[in-house]
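First comes the structure, then the notes that go with it.
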Amino acid sequence: MSGILFHKYGGEDLDSYYPIRPECQADVPKVRFKARAGKTLSARRWHAAFSEDGHLDIAKVLRRIQRGGIHPSIKGLVWEFLLGCYDPNSTFEERNQIRQQRRQQYAAWKTECQNIVPIIGSGKFITAAIVTDDGQSLQDSNRDSLDQGWHVDGTISDKKVLQWMLGLHQIGLDVVRTDRSLVFYESETNQAKLWDVLAIYSWVDNDIGYVQGMNDICSPMIVLLENEADAFWCFEHTMRRLRENFRTNTGMIGVQSQLSTLSQIIRTIDPKLHQHLEDLDGGEYLFAFRMLMVLFRREFSFVDALYLWELMWAMEYNPNIFSLYESNSSTSDGRQVNDKQLKQCGKFERKNVKTGQPDKTSALSVFLVASVLETKNKKLLREAKGLDDVVKILADITGNLDAKKACNEALKIQKKYLSKSKK
């Protein structure tokens with residue numbers, strides 16, 4: 001993205017990085033984030049944080065992000081570190097090798113998918129079903145190029161292939177609805193890029209597949225990272241944190257474990273509010289489902305949602321995240337750190353490590369929802385006579401939340417919760 005002279009950015013119009021379509025101006029939440037000299041991580045400070053061979057002083061970078069976010073001109077590059085795509089304790093050369101290997105891996109998966117559905121990678125995408133539930137092709141023209149998993153009569157025999165193909169048009173329908181206010185998505189090529197990444201992700205992670213809401217998580221990566229493979233890996237690493245939220249079993253959704261943690265937090269720090277919500281049949285906290293699933297995308301403008309995410313990821317950062325992902329370890333041991341590494345942890349993670357709280361369901365986002373409920377505490381107790389009222393009261397926060405204040409409130413609630421839990 002084109003850089004704007006950084007020392008002048010006090011009054012910089014950040015919408016110039018993510019322009020809004022004129023006809024949508026009135027419908028999008030007002031942008032609250034402002035890049036601030038001396039607080040926001042600038043391109044200059046980012047480049048200065050690397051040693052000559054490429055080792056990154058991550059502690060210095062985290063301090064700056066937690067103070068004022070990341071300037072749009074370097075956002076994508078910094079996110080790759082925050083999300084654990086790269087180890088700060090590596091060289092430029094080592095990271096370049098990893099990047100090339102990942103790009104090759106993505107290209108191989110993309111070719112596999114193209115062999116089944118040739119429209120992938122064409123700059124176009126589908127919004128209509130291409131196959132029936134029992135595997136009959138709905139688009140004869142595709143059949144010549146479809147070889148994997150097909151019988152001679154055009155029926156799909158491979159369950160994985162069928163399951164994947166059945167979801168492709170739903171991804172397309174969701175892509176059309178994603179961030180429609182952005183000029184970026186007026187381009188069918190950019191929409192197709194989002195569709196390709198989501199389609200290939202659902203092919204690779206066939207255990208979870210594609211679930212509505214992933215489009216909202218993936219979209220910023222497509223906007224920020226020009227290379228499609230890099231955007232895919234950034235999304236894939238984000239999903240490592242979030243994928244369990246999208247797991248759907250009979251009568252159960254993955255995010256319910258986080259909702260149950262939220263219930264526990266409110267019960268501990270504000271028993272009166274919890275009891276009131278229980279009396280309204282809201283004790284399962286399903287009204288907070290969307291906030292956790294798509295990380296507050298609906299409650300913030302595009303710019304502010306990105307700001308919130310990077311604040312959260314910086315606060316949750318653990319220097320072992322890269323090695324943990326590379327080893328595919330899901331154990332809490334990988335999060336253990338020595339004294340030097342503790343200084344490289346974000347504020348939220350540092351507290352978790354010190355108190356031995358490795359539970360993934362206690363993500364900062366859960367405390368963030370708790371902080372929103374606490375800010376609306378009086379109104380909820382006074383005015384909420386049913387769940388519809390709770391939803392209406394919480395809808396007031398759209399466009400009115402300050403990302404940094406909300407994160408700082410969430411840290412206070414974490415502290416309060418941990419101290420009360422001990423007792």
Could you tell me whether the side chain of [Y] reaches within less than 4.5 Å of the side chain of [X], counting heavy atoms only?
X: W79; Y: E310; answer: yes
X: D27; Y: R180; answer: no
X: F81; Y: L56; answer: yes
X: M315; Y: N408; answer: yes
X: F302; Y: F184; answer: no
X: Y106; Y: V204; answer: no
X: I208; Y: M239; answer: no
X: I171; Y: N215; answer: no

Item to check | For A370, side chain to side chain contact (heavy atoms under 4.5 Å, CB included) partners two or more places apart | outcome: L262, I265, I266, I413
Next on the checklist: Under the rule for side chain to side chain contact (heavy atoms under 4.5 Å, CB included), what residues qualify as partners of E236, not counting sequence neighbours?
Outcome noted: Y201, F232, W233, R240
Quick one: does [X]'s side chain have a donor or acceptor within less than 3.5 Å of a partner on [Y]'s backbone?
X: D57; Y: A49; value: no
X: D179; Y: L182; value: no
X: T40; Y: G68; value: yes
X: K385; Y: R382; value: yes
X: D87; Y: S90; value: no
X: R102; Y: C85; value: yes
X: Y185; Y: S219; value: yes
X: K124; Y: A192; value: no
X: Q414; Y: F348; value: yes
X: H276; Y: A384; value: yes

Checklist entry - So among K110, K193, R103, which one has a salt bridge (Lys or Arg N to Asp or Glu O under 4.0 Å) with E228? => result K110
Checklist entry - Between Q264, H274, Q256, which is the residue that forms a side chain to side chain donor-acceptor pair (under 3.5 Å) with Y285? => result H274
Next on the checklist: If I take atom CG from residue L368 and atom CG from residue L411, how far apart are they, to the nearest 0.5 angstrom?
Outcome noted: 9.5 Å
Indicate the atoms forming the closest heavy-atom contact of [X] with [Y], along with that distance.
X: L311; Y: G69; answer: CD2-N, 4.4 Å
X: C345; Y: L62; answer: C-CD1, 4.1 Å
X: H237; Y: Y325; answer: CD2-CD1, 3.4 Å
X: I70; Y: F33; answer: O-CZ, 4.3 Å
X: G84; Y: I321; answer: CA-CG2, 3.8 Å

Checklist entry - For the residue pair W309 and W313, does the interplanar ring angle fall in the parallel (under 30°), tilted (30 to 60°) or perpendicular (over 60°) class? => result tilted
Checklist entry - E278: what forms a side-chain hydrogen bond (donor to acceptor under 3.5 Å, both in side chains) with it, not counting sequence neighbours? => result none
Next on the checklist: Among L259, D388, L277, L280, exactly one meets side chain to side chain contact (heavy atoms under 4.5 Å, CB included) together with F287. Which residue is that?
Outcome noted: L277
Item to check | Cationic tip of K60 above W46 ring, under 6.0 Å, 45° of axis | outcome: no
If you draw a 6.0 Å radius around [atom1] in [X], do more than 12 non-hydrogen atoms from other residues or ligands fall strictly inside?
X: N206; atom1: CG; answer: yes
X: E284; atom1: CD; answer: no
X: D133; atom1: CG; answer: no
X: K343; atom1: NZ; answer: no

Next on the checklist: Determine whether the aromatic ring centres of residues F300 and Y307 are separated by less than 6.0 angstrom.
Outcome noted: no
